[in-house]
Amino acid sequence: PITITGNSASKVYDGTALTSNGSKLTNGSLVSGQTATYTASGSQTSVGSSNNVPYVVIKSGSTDVTSNYSVTKVNGTLTVNTNSMTVSSSGWSGTYDGASHTGSVSVSGPSSYTIKYGTSSGTYNLTSAPTYTNAGTYTVYYQVTKTGYTTVTGSRTVTITQKDLILNGADPVLKDELVAVRKDSPLVVGLGEGENFIASDIPAILKYTREVYFLENGEFVHINGDKV
């Protein structure tokens, strides 16, 4: 009896079939003067494993004498492993400009792939990336898939900050400032030490300051605790 074993082989997925057409004698021996041709049959294209079945033809001269041997076959294994791709992403950060923003996802490795997006982690139900216009911080989640490749997930952030309001070339209006404009009804500004006031008439602020300024109709003012 003899034992023949099919070759084993492996590679990462590339869309083509993996084969290894050889086998070898791993136990026993041939009659002196006889020759053997060892082959194997198997093919694996998708990610996974399959048998590589060995075969042998034994000849004495030109005569096939294989049937005179008890042949035990041990399969080899053909294995296609999951390939990998490189994915990078960039978000967007800037000041509100009225435009839509989303960032980008770049993939290197496979020539084609599928990207899906979502607005919550683990959910990828959008075929195009969501865009954002209004001030705020937003997280865009993505999933990149390709048959035979490891799925890649990740996220990027879109940050849109509030735009400072500029009035007639004056300093930007900050969040701790108050803006007022007189429209017909009286409006008075009170000037204090480390504090300033806006009121509709003087009596409302007399206990805080004696220094006041009356706005003309259509005039505006913006104040904080330090300046007017």
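Side-chain atoms of Arg156 and Ser104 form no donor-acceptor pair, as typed in the model, at a separation below 3.5 Å. For Ser50 and Gln44, the side-chain atoms include at least one donor-acceptor pair closer than 3.5 Å. For the residue pair Thr151/Thr145, the side-chain donor-acceptor check at 3.5 Å is not satisfied.
Between the side chain of Thr19 and the backbone N or O of Asn21, no donor-acceptor pair lies under 3.5 Å. Asp201 places no side-chain N or O within donor-acceptor distance of the main-chain N or O of Pro203, the cut-off being under 3.5 Å. Checking side-chain atoms of Asp64 against main-chain N and O of Val57 turns up no donor-acceptor pair under 3.5 Å. Checked by atom type and distance alone, the side chain of Arg182 pairs as donor or acceptor with a backbone atom of Asp184 at under 3.5 Å. No donor-acceptor pair under 3.5 Å is formed between the side chain of Thr5 and the backbone N or O of Thr26. Looking only at distances, a side-chain donor or acceptor of Asn7 sits under 3.5 Å from a matching main-chain atom of Gly22.
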Hey, can you pull the donor-acceptor pairs under 3.5 Å for the side chains in residues 68-83, sequence neighbours left out?
unit_1: Asn68; atom_1: ND2; unit_2: Val65; atom_2: O; d: 3.3
unit_1: Tyr69; atom_1: OH; unit_2: Val31; atom_2: N; d: 2.9
unit_1: Tyr69; atom_1: OH; unit_2: Gln34; atom_2: OE1; d: 2.5
unit_1: Thr79; atom_1: OG1; unit_2: Ser49; atom_2: OG; d: 3.1
unit_1: Asn83; atom_1: ND2; unit_2: Tyr13; atom_2: O; d: 2.8

Solution key, residues 118-139 side-chain donor-acceptor pairs under 3.5 Å, sequence neighbours excluded:
unit_1: Thr133; atom_1: OG1; unit_2: Ser100; atom_2: OG; d: 3.2
unit_1: Tyr138; atom_1: OH; unit_2: Asn134; atom_2: O; d: 3.0
unit_1: Tyr138; atom_1: OH; unit_2: Ala135; atom_2: O; d: 3.4

request  = Take Leu30 and Ile58 through the test side chain to side chain contact (heavy atoms under 4.5 Å, CB included) and record every step on the way to the result.
outcome  = CA-CA 8 Å; Leu30 304 181; Ile58 303 170; 3.7 Å; yes
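Under the 4.5 angstrom side-chain criterion for Ile, Leu, Val, Met, Phe, Trp and Tyr, the cluster partners of Val53 are Tyr55.
Shown here are the salt bridge (Lys or Arg N to Asp or Glu O under 4.0 Å) partners of Lys24, two or more places apart in sequence or in another chain: there are none. When the ring pair (Phe, Tyr, Trp, His ring centres under 6.0 Å) test is applied to Phe197, the partners found at least two apart in sequence or on another chain are Tyr208.
Note on residues 106-117: pairs passing side-chain hydrogen bond (donor to acceptor under 3.5 Å, both in side chains), not counting sequence neighbours, are Ser112-Lys146.
Atom CZ of Arg210 and atom CD1 of Ile205 lie 10.5 Å apart (nearest 0.5 Å).
Enclosure of atom NZ in Lys59 is not indicated, since only 12 or fewer non-hydrogen atoms of other residues, nucleotides or ligands lie within 6.0 angstrom.
Hydrophobic clustering, with ILVMFWY side chains joined whenever heavy atoms are under 4.5 angstrom apart, groups Ile115 together with Val158.
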